[in-house]
There are 2 protein chains.
Amino acid sequence: MTDCSHCPVGDSAICAGLSAEALECLGHLGRKQKVRRGQTLVWEGDEALVVANVISGILKLSISTADGREQIVGVVFPSDFIGRPFGKESPHSVTALTDAELCVFTRSAFDGFARQHPDLQNRLLMRTLTELDRARHWMLLLGKKTASERIASLLLEVSDRMGDGAAKAAAGLPEVFEMPLDRQQMGDVLGLTIETVSRQLTKLKGAEMIDLPNRRTVVIQDRARLRNLALAA
Amino acid sequence: MTDCSHCPVGDSAICAGLSAEALECLGHLGRKQKVRRGQTLVWEGDEALVVANVISGILKLSISTADGREQIVGVVFPSDFIGRPFGKESPHSVTALTDAELCVFTRSAFDGFARQHPDLQNRLLMRTLTELDRARHWMLLLGKKTASERIASLLLEVSDRMGDGAAKAAAGLPEVFEMPLDRQQMGDVLGLTIETVSRQLTKLKGAEMIDLPNRRTVVIQDRARLRNLALAA
DNA sequence: CACCTTCATTGACTCAGGTCAACAGTTCAC
DNA sequence: GTGAACTGTTGACCTGAGTCAATGAAGGTG
């Protein structure tokens with residue numbers, strides 16, 4: 001069991017807003033689990049035995065073709081929810097991109113709890129709707145955008161989801177972040193190869209829209225221009 | 001208001017399983033509306049004023065770049081739900097591909113009703129989770145599959161969602177259906193141009209996996225081989 | 001510190017799918 | 001039934017991104 005009262009994501013995860021009793025009860029069902037970078041928690045097509053809240057760390061959701069081509073279909077940040085409630089097999093693999101800490105529930109226990117708690121289901125619905133919107137916008141990127149437009153979109157999205165880059169930029173602060181994905185993974189999210197990712201990053205750097213002080217750090221130097229590129233205008 | 005008792009999709013839409021009283025109440029909020037082929041009900045970015053159940057007909061959900069490139073992000077069939085509950089602007093346009101009949105609710109009335117009816121929210125959650133799975137599998141197609149693999153995937157998906165092609169095939173029946181999308185729309189779902197769609201269809205026909213007796217009719221002649229192609233094996 | 005491994009960049013070349021253009025089949029109006 | 005307007009097919013050519021291969025830069029390890 002878990003003590004939810006000091007949970008670092010307690011006010012933004014799906015648990016937020018539950019009554020003290022409900023939270024106590026949910027705490028009895030969950031257990032904290034650490035996973036190491038690179039570790040795969042769930043494999044695509046496996047029975048969906050667990051669901052979890054992300055406490056810290058970043059994970060990827062991915063799907064592969066029969067011959068091994070992989071597409072990353074989601075990137076999951078702290079306070080996000082992972083797993084497929086109310087379904088018997090997992091539609092994608094879940095792999096840690098960094099060391100991570102999760103609050104894990106067996107799916108059956110979670111499903112049962114959710115059925116008793118409409119407010120939890122409501123929050124889950126909100127999140128799922130948001131994820132669906134995000135996935136569909138990514139379909140536009142994958143279906144219609146050029147390589148440089150894709151890279152621009154990714155940089156802005158990651159900047160916003162990691163530390164709220166837009167707000168920083170608006171406040172006049174420098175917009176710098178650590179990219180949690182390596183070049184291969186960036187390619188797998190964007191439907192591009194590692195070489196194309198590298199070339200386009202170099203191009204954006206040459207155009208002074210971004211800077212890349214080292215392999216993981218990204219500085220957004222000209223958000224307006226990058227945003228224009230991302231929107232494919 | 002609407003009489004739900006004779007609704008043709010009443011047992012498969014989200015309304016299924018509601019109590020007689022709840023259904024009566026929901027019926028008072030909804031109204032039937034006919035839309036003509038080609039008509040756009042909601043524009044991307046507009047305030048999301050309505051949600052609806054599809055009674056008959058087929059509609060597309062689409063998103064565009066600033067310079068007008070369009071991606072179809074969903075195709076909606078009878079008994080499916082459209083609109084974005086609990087959100088103030090629509091993330092995509094909704095356009096009828098055939099004449100269609102809808103059961104429309106104002107979003108505010110629907111949201112209010114849903115909040116009172118956890119079982120409705122639960123059904124909405126199930127559907128949204130399924131849609132999310134579908135969208136993510138489509139991301140694999142858009143990011144990693146070749147043109148012929150995409151076409152094969154689309155033909156099988158439409159065959160299954162229209163008249164349950166898999167079941168027909170298993171029962172030894174001929175697998176024939178009317179494709180609700182024209183070549184341009186097929187391209188817009190698949191992230192391909194109209195010419196590539198046409199060429200790949202001709203190729204599949206030449207390989208005797210399908211037949212195309214006229215521009216809208218598709219016959220699946222060799223489901224096993226088509227399926228293998230779609231899985232990218 | 002030197003060595004090794006891993007990850008990223010760059011270059012040369014190829015090719016799947018896009019673009020542009022001609023044409024053929026359907027559908028519909030009159 | 002004839003012609004006009006779409007919609008789809010086919011061909012020739014082009015190009016953006018993929019492939020293959022060499023090189024370079026960063027960490028990690030003993």
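Each chain gets a letter, A, B and so on, in the order its sequence line appears, and its residues count up from 1.
Whole-Å rounding puts the A:Gln184 CD to C:dT9 C1' distance at 15 Å. In this structure, A:Asp188 atom CG and D:dG18 atom P are separated by 11 Å, rounded to whole Å. A:Lys144 has its NZ atom 15 Å from the P atom of C:dG17, to the nearest Å. The distance between atom CZ of A:Arg183 and atom P of D:dA25, rounded to the nearest whole Å, is 15 Å. Taking atom CG on B:Leu201 and atom P on C:dG17, their separation rounds to 14 Å, with Å as the unit. Here the P atom of nucleotide D:dC6 and the CD atom of B:Gln185 are 16 Å apart, to the nearest Å. Between the NZ atom of A:Lys145 and the P atom of D:dG16 there is a distance of 19 Å, rounded to whole Å. We find that CD1 of A:Ile151 is positioned 14 Å from C1' of D:dG16, with the value rounded to whole Å.
In summary, A:Arg161 and A:Asp80 engage in a salt bridge, as defined by a charged side-chain N under 4.0 Å from a carboxylate O. Under the 4.0 Å criterion applied to side-chain N and carboxylate O atoms, A:Glu131 and B:Arg136 are assigned as salt-bridge partners.
Within 4.0 Å of B:Asp182, counting heavy atoms only, lie sugar-phosphate atoms of the nucleic acid but no base atom. B:Arg215 comes within 4.0 angstrom of a base, heavy atoms only. Backbone-only engagement by B:Gly191 is indicated by non-hydrogen atom pairs under 4.0 Å involving sugar-phosphate atoms exclusively. Among the atoms of the strands shown, none is found under 4.0 Å from any heavy atom of A:Ile194.
The nucleotide whose nearest atom lies closest to any side-chain atom of A:Leu192 is, among C:dA8, D:dT10, D:dG18, D:dG18. Residue B:Thr202 places its side chain closer to D:dT10 than to any other of C:dT9, D:dG8, D:dT10. Side chain of A:Thr146, nearest nucleotide from D:dG11, D:dG8, D:dA17: D:dA17. Comparing D:dA17, C:dG17, C:dA8 against the side chain of B:Gln200 picks out C:dG17 as the nearest. Taking every side-chain heavy atom of A:Arg199 into account, D:dT19 is the closest of D:dA17, D:dT19, C:dG17. Which of C:dC20, C:dT10, D:dA17 sits closest to the side chain of B:Glu195 comes down to C:dC20.
Of the side-chain N and O atoms in B:Thr193, none sit less than 4.0 angstrom from OP1 or OP2 of C:dG17. The side chain of A:Thr196 contributes no N or O atom lying less than 4.0 Å from OP1 or OP2 of D:dA17.
Not less than 6.0 angstrom separates the ring centroid of A:Phe105 from the ring centroid of A:Phe81.
Neither side chain, A:Ser62 nor A:Glu44, offers a donor N or O lying under 3.5 Å from an acceptor on the other. When only modelled atom types and interatomic distance are considered, A:Thr217 and A:Asn214 share a side-chain donor-acceptor pair under 3.5 Å.
Position along DNA chain D of the nearest nucleotide to A:Val197 versus B:Arg216 favours B:Arg216 as the more 5'-ward residue.
Interatomic distance, B:Lys88 NZ to B:Arg107 CZ, rounded to the nearest 0.5 Å: 9.5 Å.
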